[in-house]
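Heads up, the thing below is written out as structure tokens.
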Amino acid sequence: MLLLVVGGSFGLREFTQIRYDAQKIKKKLDPTLEARVNTKKQLAILQDEYEKLKDLDLDVWKNIRGPRPWEDSKEYQEEQLARLNKGT
């Protein structure tokens with residue numbers, strides 16, 4: 001009986017270890033996503049994004065309200081475009 005209890009605990013430990021190893025393999029990240037998550041490589045990504053945004057003129061923009069849930073979004077977008085084109 002004692003042998004069965006002790007042997008069973010070792011057997012269960014091996015089976016659960018296999019389960020956790022399989023989950024770890026499934027959770028491997030895509031290399032491109034892993035580069036974004038990795039903090040060492042993240043500095044380079046932030047610098048690239050800064051270079052992209054540095055040339056943009058962020059002072060000239062217009063606040064455009066999005067459509068309400070009860071409004072037709074296509075119709076509202078066309079109306080906004082017409083107002084913008086009329087204004088410029």
Side-chain angles (χ1 to χ4, degrees):
M1 182 70 169
L2 184 63
L3 181 66
L4 184 64
V5 171
V6 172
S9 72
F10 282 111
L12 285 174
R13 184 182 62 131
E14 291 300 318
F15 283 121
T16 55
Q17 186 63 39
I18 291 170
R19 176 180 158 207
Y20 290 126
D21 289 342
Q23 286 178 356
K24 193 182 296 183
I25 290 170
K26 283 183 183 178
K27 290 184 181 180
K28 289 283 184 183
L29 292 176
D30 186 37
T32 56
L33 182 61
E34 189 174 357
R36 296 188 127 190
V37 174
N38 192 353
T39 56
K40 293 176 185 173
K41 293 181 181 178
Q42 196 170 20
L43 181 61
I45 293 172
L46 288 176
Q47 289 172 348
D48 293 342
E49 291 298 321
Y50 175 73
E51 292 298 324
K52 288 179 191 175
L53 292 175
K54 185 169 65 171
D55 297 331
L56 294 176
D57 185 18
L58 298 176
D59 293 331
V60 180
W61 63 277
K62 293 188 187 257
N63 189 14
I64 300 175
R65 179 181 71 82
R68 302 289 189 237
W70 57 86
E71 295 174 338
D72 182 28
S73 64
K74 281 286 190 194
E75 180 182 317
Y76 190 75
Q77 288 172 359
E78 290 170 0
E79 184 181 320
Q80 287 284 343
L81 272 173
R83 270 193 233 146
L84 272 176
N85 291 338
K86 185 179 178 184
T88 53

Rounded to the nearest 0.5 Å, what separates atom [atom1] in [X] from atom [atom2] in [Y]?
X   : Y   : atom1 : atom2 : value
Y76 : L81 : OH    : CG    : 11.5 Å
E75 : E78 : CD    : CD    : 7.5 Å
L53 : D48 : CG    : CG    : 11.0 Å

Within 6.0 Å of CG in L3, more than 12 heavy atoms from elsewhere: no
